[in-house]
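Here the structure is laid out as structure tokens; the discussion comes afterwards.
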Amino acid sequence: MSVDKIDLKLFQDTAIEDFRKNLFKRLRNIAVPQFQLEHEGLLEIIIEVYAHVKKLQMHAPEPGDIKALTATLDHLKQYAGRHFRSEEVFMEKNQFTELDIHRRAHQKFVQALLELEEKIHQKSVSYVIDLLHLVMGWLFDHINQMDTRYSKAFLGQSLSPAVCKTVVPPLNESKESQTSGSIFRDQLLKRLVVTGNTHIDHEHRQLLDQILNFHKFVENIQVRKPENADWKKVDHILDFLTQYCLTHFKHEENILKQHQYPLLNGHIEEHQKLISKLEELKKQLLKERNILFTVDLKFFLVEWFLQHTTRSDSKYKSYI
């Protein structure tokens, strides 16, 4: 069973190729050639899922985007199903004592995948973030940990708990990746609503730059194990973002108040919700240094900023 490498040109983002290289460096060799090849095939499909999420993140979802994601998920379900059956037959043939535990893990993954796919179609496309967490978490928790146990048993080795000690080098950003980041920034700037007030428009651009800086930093650390210095930088960026938002919101609200904007109360409420969310995530990160929280925040900030400026801020243009 094999899978072709995805056509990265389809997504026009060299950062995806960097992401792919880093993931393959982290994939453990389980010493069973058939299943090692199948794990690499699964990894290619997971990278394709990541590419779809990045594409959905960069603009409002179109029918074709969801259709493409659905096709990739169908491919993942079919490929994973065949791989799981092959693994279970192998474990049964070799009388692996943890077969039932392994089988339940397979079933749990498939069920979670089906539930998230339904949420994406029935509720919100934002569930693609949970989808990415699922496939990435399963890749390293299941393959790099659980699968090494049956490979050890097959090779007659001790079944002491396996600990992945693979060290992933920091992602060195290429010129192509820098260009990709610039394109992303330009695309977001094009969608940024110009209110006509020089002071507000200047702060919006500065705020977007800070959000993009955070976005770029998280892109770097999410493909390796963050160090203490990385977490300190995350804290610093979030503190700065929170303070900047408070200052900008105060300026904006004062201007709207001066012009007697009738929807001011609702606008203030949206500002307060963002600050509350930022504070909540900051506390969460201080309590548990989990890279998935920063990925959530990265997507939330970009999505909120664009929705707020294109929807809410555009409403007061004619008043100021």
Fill in: Side-chain touch Leu256/Ile268, heavy atoms, less than 4.5 angstrom
no
Fill in: Co-membership, hydrophobic cluster, residues Ile211 and Val194, 4.5 Å side-chain
no
Item to complete: Apply side-chain contact (heavy atoms from CB on, under 4.5 Å) to the pair Tyr316 and His259, showing each step before the final yes or no.
Response: CA-CA 9 Å; Tyr316 65 66; His259 290 83; over 6 Å; no
Worksheet item: Is there a donor-acceptor pair closer than 3.5 Å between any side-chain N or O of Gln210 and the backbone N or O of Leu241?
Response: no
Discussion item. Is a donor from one side chain sitting under 3.5 angstrom from an acceptor on the other, for His204 and Thr195?
Written reply: no
Practice prompt. Could you verify whether a donor N or O on one side chain and an acceptor N or O on the other, from His267 and Glu252, lie under 3.5 Å apart?
Written response: yes
Worksheet item: When you look at Tyr50 and Ile45, which way does the side-chain contact (heavy atoms from CB on, under 4.5 Å) test go after all the steps?
Response: CA-CA 9 Å; Tyr50 173 78; Ile45 303 174; over 6 Å; no
Item to complete: State, to 0.1 Å, how close Ile143 and Ile30 come at their nearest heavy-atom pair, and which atoms those are.
Response: O-CG2, 4.2 Å
Worksheet item: Taking the side chain as C-beta and beyond, is there a heavy-atom pair between Arg104 and Ile101 under 4.5 Å?
Response: yes
Discussion item. Is it the case that the side chain of Asn94 and the backbone of Phe96 share a donor-acceptor pair, with hydrogens and angles ignored and the cut-off at 3.5 Å?
Written reply: no
Practice prompt. Please tell me if the side chains of Glu118 and Glu115 come closer than 4.5 Å, counting only heavy atoms from C-beta onward.
Written response: no
Worksheet item: Is there side-chain contact between Arg205 and His202, with at least one heavy-atom pair below 4.5 Å?
Response: yes
Worksheet item: Can you check side-chain contact (heavy atoms from CB on, under 4.5 Å) on Asn213 and Ile237, steps first, answer last?
Response: CA-CA 9 Å; Asn213 285 340; Ile237 294 173; 5.7 Å; no
Worksheet item: Looking only at heavy atoms, what is the nearest atom pair of Leu285 and Arg289, with distance?
Response: O-CD, 3.0 Å
Worksheet, complete the sentence: Between the CD1 atom in Ile46 and the CG atom in Leu76, the distance rounded to the nearest 0.5 Å is 6.5 Å
Worksheet item: Taking Asp201 for the side chain and Thr198 for the main chain, is one N or O donor matched with an acceptor at less than 3.5 Å?
Response: no
Worksheet item: With His106, which residues qualify under ring-ring contact (aromatic ring centres under 6.0 Å, His included), at least two apart?
Response: Phe84, His102, His142
Fill in: Reported CG-to-CG distance for the pair Asp147 and Asn29, which is rounded to 0.5 angstrom
12.0 Å
Worksheet entry | Partner set under ring-ring contact (aromatic ring centres under 6.0 Å, His included) for Phe90, not counting sequence neighbours | Phe35, Tyr150, Phe154
Discussion item. Apply side-chain contact (heavy atoms from CB on, under 4.5 Å) to residues Asn254 and Lys250 and explain how you reach the verdict.
Written reply: CA-CA 6 Å; Asn254 285 338; Lys250 185 176 180 180; 3.9 Å; yes
Discussion item. With rounding to the nearest 0.5 angstrom, report the NE2 to CD distance, His39 to Glu44.
Written reply: 14.0 Å
Worksheet item: Looking at side-chain heavy atoms only, is the closest gap between Thr70 and Ile120 below 4.5 Å?
Response: no
Worksheet item: Nearest 0.5 Å, what's the CG-CD distance between Leu264 and Glu269?
Response: 11.5 Å
Worksheet item: If you look at every heavy atom in Leu207 and Cys245, which pair is closest and at what distance?
Response: CD1-SG, 3.8 Å
Worksheet entry | Ion pair check, Lys233 and Asp230, cut-off under 4.0 Å | no
Worksheet entry | Least distance between heavy atoms, Ser151 atom then Val32 atom | CB-CG2, 4.2 Å
Discussion item. Quick check on the hydrophobic clustering: are Phe217 and Leu286 connected, directly or via other members, by side-chain heavy-atom contacts under 4.5 Å?
Written reply: no
Distance-only donor-acceptor pairs under 3.5 Å for side chains of residues 273-282, two or more places apart:
| from | atom 1 | to | atom 2 | distance (Å) |
| --- | --- | --- | --- | --- |
| Ser276 | OG | Gln272 | O | 3.0 |
| Lys282 | NZ | Asp239 | OD1 | 3.1 |

Practice prompt. Return yes if a side-chain donor-acceptor contact under 3.5 Å exists between Glu38 and Tyr79, otherwise no.
Written response: no
Discussion item. To check you understand the geometry: which heavy-atom pair defines the closest contact between Thr148 and Arg28, and what is its length?
Written reply: CG2-NH1, 4.0 Å
Discussion item. Salt bridge (charged side-chain N to carboxylate O under 4.0 Å, His left out), that's the test. Do Lys232 and Asp235 meet it? Break it down for me.
Written reply: CA-CA 5 Å; Lys232 288 181 179 179; Asp235 294 338; over 6 Å; no
Worksheet item: With under 30° as parallel and over 60° as perpendicular, where do the rings of His248 and His271 fit, or are they tilted in between?
Response: tilted
Discussion item. Between Lys77 and Asp74, is the salt bridge (charged side-chain N to carboxylate O under 4.0 Å, His left out) condition met? List the steps.
Written reply: CA-CA 5 Å; Lys77 286 182 291 186; Asp74 287 342; 3.3 Å; yes
Practice prompt. Ignoring hydrogens and angles, state whether a donor on the side chain of Thr72 or His52 is under 3.5 Å from an acceptor on the partner side chain.
Written response: yes
Practice prompt. Side-chain contact test, heavy atoms from C-beta onward, threshold under 4.5 Å: evaluate it for Met91 versus Glu87 and give yes or no.
Written response: yes
Worksheet item: Is any side-chain heavy atom of Phe214 closer than 4.5 Å to a side-chain heavy atom of Leu212?
Response: no
Discussion item. Contact between Ile255 and Tyr319 at the side-chain level, heavy atoms closer than 4.5 Å - yes or no?
Written reply: no
Practice prompt. Measure the spacing between NZ of Lys108 and CG of Leu134 and express it to the nearest 0.5 Å.
Written response: 10.0 Å
